[in-house]
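Data first, discussion second: the structure below is written as structure tokens.
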Protein chains: 2
Amino acid sequence: MACEEAFFKKLRERGFRLTPQREMVLSVLHQIGDFATAEQIHDKVHALSSSVDISTVYRTLDLFEDFRMVSCVERGDGQRVYELLGMHGPHLHLVCSGCGSVMGAELDLARPLAVCLREDYGFEVDVNRLHIPGFCHECQPVSGEAATVEKR
Amino acid sequence: MACEEAFFKKLRERGFRLTPQREMVLSVLHQIGDFATAEQIHDKVHALSSSVDISTVYRTLDLFEDFRMVSCVERGDGQRVYELLGMHGPHLHLVCSGCGSVMGAELDLARPLAVCLREDYGFEVDVNRLHIPGFCHECQPVSGEAATVEKR
DNA sequence: CTTGTTATTGCCATTATGTGCAGTTACTAT
DNA sequence: ATAGTAACTGCACATAATGGCAATAACAAG
């Protein structure tokens, strides 16, 4: 695939190396095509080559994130999920605190806020990494008040 | 302090109990008056009563968060810091990916975005929990391009 | 004050993720 | 093709945070 070639080239240009592990992680991400945990990714990579360690998967995902190839969102439960960017391109992540689902949203919606924060606070927002907590349509909090605390 | 009394009352109304551990955590948060990690908080609580376990501190902070007494932000390094709300009231958190500092910002700035997301996506943003990654004034990324990946 | 109920705690095991290091291997230049 | 160099990996271990559970203790009612 052309986009992968381009990525591999960019890797090498910056002094990184193209290893089988990195190829496999990328391929698995492609195959999954959706959000996946590091462990799910590792499972699939492990099926291809059983000696690949999960720490390598983590490091690879970090690298891909630096390269804006994948983005990572913290799901409601204490686990992170990784998504291959690419065709969809970068977008906002709406993370539902109720069901843990992650929805993509138009990135430009955050632009005005970014401008405000730059002008008023000198803060340069990294919109790519912005993820927004709240409740999706199905999980709307009961009544108008959010400050209701439930007993476990 | 009046605000603490009010909180304790609210606790009891909802069937929670007022324990010395919870009092101590609250008092320590007050004393610190700034962002602190769970471990920093635990250290200070431990000085007051040496048998208090760190898991209790975590659970207490979670509870306080549910009650909107504290808010928690994920700092750049993989650690979370907790802040006592109260006088400052809720606000946006601007988290610098460079130095890890956390800056407060006017909460209303996020309102227009929240409205968009509600109308276009049926997503109810939890502005209290919104924290925004980027770079503070001191840590502005070099040149205009953010996609530069450095070798470790 | 005594007693009963059950939220809470401390302890310890477990999970998810990150790190240090020595051996391995992708790439570069000969 | 060969050798040199430094990025990368696998392993073992470190760390932050969470969960299970029996013992404890806060609160309500008598």
Side-chain angles (χ1 to χ4, degrees), chain A residues 5 7-26 28 35-43 45-46 48-67 70 72-82 100 149-152, chain B residues 5 7-26 35-43 45-46 48-67 70 72-82 97 100 149-152:
Chain A
E5 292 306 325
F7 165 60
F8 296 152
K9 191 158 154 261
K10 248 195 323 190
L11 261 192
R12 237 166 281 154
E13 275 170 9
R14 309 239 176 110
F16 293 94
R17 291 177 183 171
L18 178 54
T19 64
Q21 291 86 342
R22 286 171 183 175
E23 286 188 277
M24 285 189 284
V25 169
L26 184 51
V28 162
F35 288 100
T37 65
E39 193 164 358
Q40 290 171 323
I41 295 165
H42 177 241
D43 283 349
V45 172
H46 196 266
L48 297 175
S49 170
S50 62
S51 73
V52 178
D53 195 76
I54 191 153
S55 70
T56 300
V57 173
Y58 277 112
R59 282 186 286 224
T60 303
L61 289 170
D62 276 359
L63 179 71
F64 287 0
E65 212 183 343
D66 286 347
F67 272 86
V70 311
C72 164
V73 285
E74 189 106 7
R75 210 164 41 179
D77 64 330
Q79 261 192 301
R80 293 177 203 165
V81 284
Y82 297 85
V149 182
E150 308 282 345
K151 189 65 55 61
R152 270 65 47 111
Chain B
E5 292 305 325
F7 165 60
F8 295 154
K9 191 158 153 259
K10 248 196 322 192
L11 260 193
R12 236 165 284 153
E13 275 169 9
R14 308 238 177 111
F16 293 95
R17 290 174 185 174
L18 177 55
T19 64
Q21 290 87 342
R22 286 172 183 174
E23 285 188 276
M24 285 188 284
V25 170
L26 185 51
F35 288 99
T37 64
E39 193 163 359
Q40 290 170 323
I41 295 164
H42 177 241
D43 283 350
V45 171
H46 196 266
L48 297 175
S49 170
S50 62
S51 72
V52 178
D53 195 76
I54 191 153
S55 70
T56 300
V57 172
Y58 277 111
R59 284 185 286 224
T60 303
L61 289 170
D62 276 359
L63 179 71
F64 287 179
E65 213 183 343
D66 286 345
F67 271 86
V70 312
C72 164
V73 285
E74 189 106 4
R75 212 166 38 182
D77 64 329
Q79 261 192 302
R80 293 175 203 166
V81 285
Y82 298 84
S97 307
V149 182
E150 308 282 346
K151 189 67 53 60
R152 269 68 45 117

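Below, chain A is the first sequence line, B the second, and so on; all start at residue 1. Fair warning: this is a prediction, and the values are worked out from it, not measured in the lab.
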For B:L18, which contact category applies under a 4.0 Å heavy-atom criterion: base, sugar-phosphate, or nothing?
sugar-phosphate

Classify the side chain of B:R59 and the base of C:dG10 as holding, or not holding, a donor-acceptor pair under 3.5 Å.
yes

What are the two closest heavy atoms between A:R17 and A:L11, and how far apart are they?
O-CD1, 3.8 Å

Just how far, in rounded Å, is P of D:dC8 from CE of A:M24?
15 Å

Test for a donor-acceptor pair under 3.5 Å between the base of D:dA16 and the side chain of B:R80, counting only N and O atoms.
no

Quick one: A:Y82 OH to C:dT17 P, roughly how many Å, whole number?
6 Å

Could you check how far CD of B:E65 sits from C1' of D:dA17, rounded to whole Å?
13 Å

Is the shortest heavy-atom distance from the side chain of A:L18 to the side chain of A:R12 under 4.5 Å?
yes

Roughly, in whole Å, what's the span from CD1 in A:I54 to P in C:dT15?
12 Å

Closest to the A:Q21 side chain, choosing from D:dA6, D:dT9, C:dG10
D:dT9

Without decimals, in angstroms, what is the distance between B:F8 CZ and D:dA26 C1'?
14 Å

Among B:F8, B:F67, B:F7, B:F64, find the residue that satisfies the ring pair (Phe, Tyr, Trp, His ring centres under 6.0 Å) test when tested with B:F16.
B:F67

Which of C:dT8, D:dT9, D:dC8 is nearest the side chain of B:F16? It is C:dT8

Which part of the nucleic acid, if any, lies within reach of B:S55 when heavy atoms closer than 4.0 Å are counted: base, sugar-phosphate only, or nothing?
base

Please report, rounded to the nearest Å, how far the C1' atom of D:dA16 is from the CZ atom of B:R75.
12 Å

Rounded distance (Å) that lies between atom P of D:dC21 and atom CG of B:D53
17 Å

